[in-house]
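Written out below as C-alpha cells is the structure these notes cover.
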Amino acid sequence: MTSPVWHPYAHLKTQRPAPKVVGGEGATFTLEGGETLLDATCSWWCMIHGYRHPRLVEAIQRQADELCHVMLGGLTHEPADRLARELVRVTPDGLNHVFFSDSGSVGMEVAMKMAVQYHYLRGKPAKHRMLTLMKAYHGDTAGCMAVCDPEEGMHSLFSGFLPQHHFAPAPTAPFEASREAVQPDLDALRGVLEAHHEEIGALLMEPLLQAAGGLNMTSPHYLRGARELCEEFDVLLIFDEVATGFGRTGRMFAADHAAVTPDIMVLSKGLTGGYLGHAATLATDRVHDAFIGDSPEHAFMHGPTFMGNPLACRVALESLAVFEEEDYLGRIRALNGVLRETLVDDEALRAHPDVADVRALGATAVIEVHNAAALKGVADFARTQGVWLRPFGRWLYTMPAYVTLDAEMRRITDVMKGWFLAR
Ligand SMILES: *Cc1c(COP(=O)(O)O)cnc(C)c1O
C-alpha cells in the first residue's frame with residue numbers, strides 16, 4: 001500500500017518506498033525491522049546532538065508539563081525571554097533584538113521584510129530589492145526562492161512567478177585565501193552595488209559556506225569586504241546562518257571567523273538541536289530603532305502563529321547549554337581533523353578521475369564530482385554499510401552530528417571514499 005505522505009524533493013515516478021524510522025540514539029537511527037544507520041548528515045544538518053539526547057528530551061517533557069504554547073502577541077513567557085537574552089549573548093556584538101519564527105525560510109522572509117521596511121521608514125522606499133549570490137540557497141517559500149541561485153538552484157521553473165532581485169557571482173576564493181586573492185570576488189560585488197545600489201536594500205549571504213547550493217566555501221576576508229561595501233552603499237548586510245550557525249564552520253557562528261556583525265542574522269536548523277522547528281532573526285539597534293516612530297507604518301506587521309513557542313525555546317536553551325558545557329567546539333575540531341586526514345589529504349581520492357574537488361570546513365566535508373552521474377547509486381552503497389548518506393547534484397557530503405564519535409566519523413568517510421576507491 002502506498003503512503004499518502006508526499007515526500008520533499010521526490011520524483012514521484014521513480015521514488016522508492018521510504019524506510020520507516022522508529023527511533024535513534026546518538027548519531028544513529030533505527031529502522032522498523034532493526035536495521036541501524038549512522039546518519040552522515042544529521043537530518044538536514046539540524047540534529048547536532050544526535051537522536052534522543054537525554055537532556056533535550058527532558059527539557060521538552062518538563063516544558064510540556066508547564067506550558068506547551070501561548071501566543072507571543074501581547075504576551076511573553078520565560079523560555080522566550082531567556083532564549084532571546086542567550087542569543088544576544090552568544091551572537092556577534094550588537095545583535096540585540098530577536099524576532100522568533102517557525103522555520104529557516106520564514107526567518108529569512110522576516111529578515112528581508114525588515115530590511116525593506118527599514119529603508120522605507122528612513123525615506124528610501126526605492127531600496128526594495130535584494131542583492132544575493134549565485135549558488136545561494138535561502139529556503140523554499142516564494143520570497144526565499146527569489147533569492148536562491150536562479151540557474152543551478154532548484155527553483156528555476158518558478159522564475160516567472162518570483163520578484164526580481166540582483167545577483168552577484170558566487171565567491172571563488174577558498175577559505176584560506178589571502179585578502180588579495182579575495183579582491184576579485186569583492187570587485188564583483190562592488191560592480192553590482194555601483195550599478196544598482198539605489199534600489200538595493202540588503203546584501204544576503206550564507207557566510208563562508210553556501211550549503212544547499214553546492215557547499216561552496218569562501219574566506220573570512222570576503223565577509224569583511226562585504227561588510228565595508230554595505231557601509232559604503234547604505235545597504236544592510238544579512239547573514240543567513242541557518243546552516244552555518246551553532247558550530248558548523250568550526251566557530252559558534254561563521255561571522256565569528258571574520259569578527260563581523262551583520263545588521264540582521266538568521267538562525268534555525270541547529271537552534272533547537274533539531275528537536276523542534278524554530279528560527280530567530282536578530283537585528284542590531286540601528287535596524288530595530290528605525291522602527292520606533294509615530295506612524296502606523298512603524299509597526300512590523302509579521303507574526304507567525306507559533307513564534308516563540310515555549311517548547312521550542314526551552315529545548316533551544318538546553319541545546320545551547322549542552323553545546324557550551326560539553327565543549328562542542330572542541331568536538332568539531334576533532335571531527336574536522338578526521339575529515340581532513342581521511343578525505344581532504346587523501347591523494348588517491350583527489351586524483352580520482354570523477355573527483356573535481358575535496359574540501360572541508362568545521363564539521364562539514366564534501367567530495368565534488370565533475371558529473372552528477374558519478375554519484376548514482378552511492379546512497380544504496382552506503383546503506384549496505386550501515387551509513388545514511390544523501391548526496392545531491394554533484395556533491396557527496398557529510399555534516400555529522402557533533403556527538404559523532406571519531407570511529408563513526410571514519411566509518412562515514414570510509415564509505416564516501418570507498419565509493420570511488422574500493423568498489
Ligand atoms: C535550510 C536552510 C534554509 C531554510 O530553512 P527551513 O527551516 O528549511 O525553512 C534557509 N537558509 C539556509 C542557509 C538553509 O540551509
Side-chain angles (χ1 to χ4, degrees), residues 6-10 41-48 91 99-115 130 132-150 152-155 158 162 165 170-171 202-218 222-223 226 237-249 253-255 262 264-282 302 304-307 309 312 315-316 319 361-364 366 390-393 395 397-400:
W6 192 331
H7 286 273
Y9 309 117
T41 53
C42 72
S43 278
W44 278 333
W45 334 329
C46 67
M47 297 294 287
I48 58 177
T91 52
F99 194 98
F100 290 116
S101 61
D102 37 27
S103 72
S105 298
V106 176
M108 279 303 294
E109 298 276 359
V110 167
M112 292 188 275
K113 201 164 150 181
M114 245 178 213
M130 303 291 128
T132 175
L133 304 179
M134 300 302 283
K135 298 196 183 179
Y137 175 81
H138 295 294
D140 290 346
T141 57
C144 291
M145 284 198 288
V147 289
C148 291
D149 186 309
E152 243 196 336
M154 48 186 125
H155 303 133
F158 297 100
L162 299 175
H165 295 294
L203 166 60
L204 331 174
M205 64 178 66
E206 300 156 86
L208 297 188
L209 172 66
Q210 295 183 293
L215 297 133
N216 185 39
M217 298 168 188
T218 193
Y222 186 74
L223 309 188
L237 179 62
I238 300 177
F239 278 179
D240 176 353
E241 294 233 19
V242 170
T244 53
F246 302 101
R248 188 53 67 187
T249 66
F253 300 104
I264 300 176
M265 178 159 141
V266 183
L267 304 173
S268 185
K269 294 199 167 86
L271 173 66
T272 63
Y275 280 53
L276 281 163
H278 224 64
T281 302
L282 287 93
H302 207 94
T305 306
F306 295 109
M307 72 182 287
N309 172 265
V315 75
S319 171
L361 178 63
T364 303
V366 59
R390 202 177 138 92
F392 62 95
W395 300 281
Y397 75 101
T398 177
M399 287 200 201

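Just so you know, ligand 1 is whichever comes first in the structure, and atom 1 is the first atom listed for that ligand.
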With distance as the sole test, does S101 use its side chain to make a donor-acceptor pair with the main-chain N or O of M307 at under 3.5 Å? no
For atom 11 (N) of ligand 1, the protein heavy atom that lies nearest, with its residue and separation: D240 OD2, 2.7 Å
Please confirm whether W44 and Y9 have ring centers closer than 6.0 angstrom. yes
In this structure, which one of L208, T91, L223, V266 forms a side chain to side chain contact (heavy atoms under 4.5 Å, CB included) with F239? L223
Which atoms of ligand 1 sit under 4.0 Å from any heavy atom of W45? 15 (O)
Residue part near ligand 1, for S105, under 4.0 Å between non-hydrogen atoms: both
Below 30° counts as parallel, above 60° as perpendicular, anything between as tilted: where do the rings of Y397 and F392 land? perpendicular
Atoms in ligand 1 with a heavy atom of E206 nearer than 4.0 Å: 13 (C)
With respect to G104, determine whether any N or O atom, backbone or side chain, lies less than 3.5 Å from an N or O atom of ligand 1. yes
Heavy atoms only, cut-off 4.0 Å: how does Y137 contact ligand 1, side chain, backbone, both, or neither? both
Pick one of side chain, backbone, both or neither for how K269 approaches ligand 1, counting any non-hydrogen atom pair under 4.0 Å. side chain
Testing the basics here: between A312 and L276, what is the closest heavy-atom pair and its distance to 0.1 Å? N-CD1, 3.6 Å
Out of all atoms in ligand 1, which are within 4.0 Å of some heavy atom of A243? Include the element for each. 15 (O)
Under the side chain to side chain contact (heavy atoms under 4.5 Å, CB included) test against D240, which residue among M265, Q210, E206, M205 passes? E206
Of the side chain and backbone of H138, name the one, both, or neither that has a heavy atom under 4.0 Å from an atom of ligand 1. backbone
Validation row: F99, P304 side chains within 4.5 angstrom (heavy atoms): yes
